[in-house]
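Notes follow once the structure below has been shown.
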Amino acid sequence: MKKHLAIELLGGTVSAAAKTLGVSYAAVHKWPDELPRRISDRVEGAYARRKRQIAAQVAAAEAALAASLAEE
């Protein structure tokens with residue numbers, strides 16, 4: 001995985017990527033252009049968790065909207 005893609009997947013900035021992974025800005029900044037497997041695995045895991053959290057939030061909002069509309 002390329003460094004720029006990993007950063008995009010984790011929020012689009014070095015700061016956002018670092019925060020998501022729980023590492024320092026400097027750690028992300030020092031990543032090589034082609035990430036080693038151990039880092040790309042962490043990125044993929046964090047992205048998958050983030051995606052599931054967003055999906056759960058959307059589902060909850062849709063359920064709340066549906067319940068609200070049913071009451072009317």
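Computed from a predicted structure; not experimentally measured.
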Donor-acceptor list for residues 44-62 side chains, cut-off 3.5 Å, not counting sequence neighbours:
unit_1: Arg49; atom_1: NH1; unit_2: Gly45; atom_2: O; d: 3.3
unit_1: Arg50; atom_1: NH1; unit_2: Leu9; atom_2: O; d: 2.9

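Residues meeting the side-chain hydrogen bond (donor to acceptor under 3.5 Å, both in side chains) test with Arg38, sequence neighbours left out: none. Listed by chain and residue number, Thr13 satisfy the side chain to side chain contact (heavy atoms under 4.5 Å, CB included) test with Ala16 (two or more places apart in sequence, or in another chain). Applying the side-chain hydrogen bond (donor to acceptor under 3.5 Å, both in side chains) rule to Glu71 yields no partners; only residues at least two apart in sequence or on another chain are considered.
Applying the side chain to side chain donor-acceptor pair (under 3.5 Å) rule to pairs touching residues 27-36 yields Lys2-Glu34, sequence neighbours excluded.
Looking at Ile39 and Lys3, their side chains never come closer than 4.5 Å, going by heavy atoms from C-beta outward.
In this structure, Leu69 belongs to a hydrophobic cluster whose other members, linked by side-chain heavy atoms under 4.5 Å apart, are Leu65.
Checking Thr20, Val23, Leu10 one by one against Arg42, the side chain to side chain contact (heavy atoms under 4.5 Å, CB included) holds for a single residue, Val23.
Taking each heavy atom of Ser15 and Tyr25 in turn, the nearest pair found is OG-CD1, 3.6 Å. Shown here for Pro32 and Leu35, the closest heavy-atom pair between the two residues is O-CD2, 3.5 Å.
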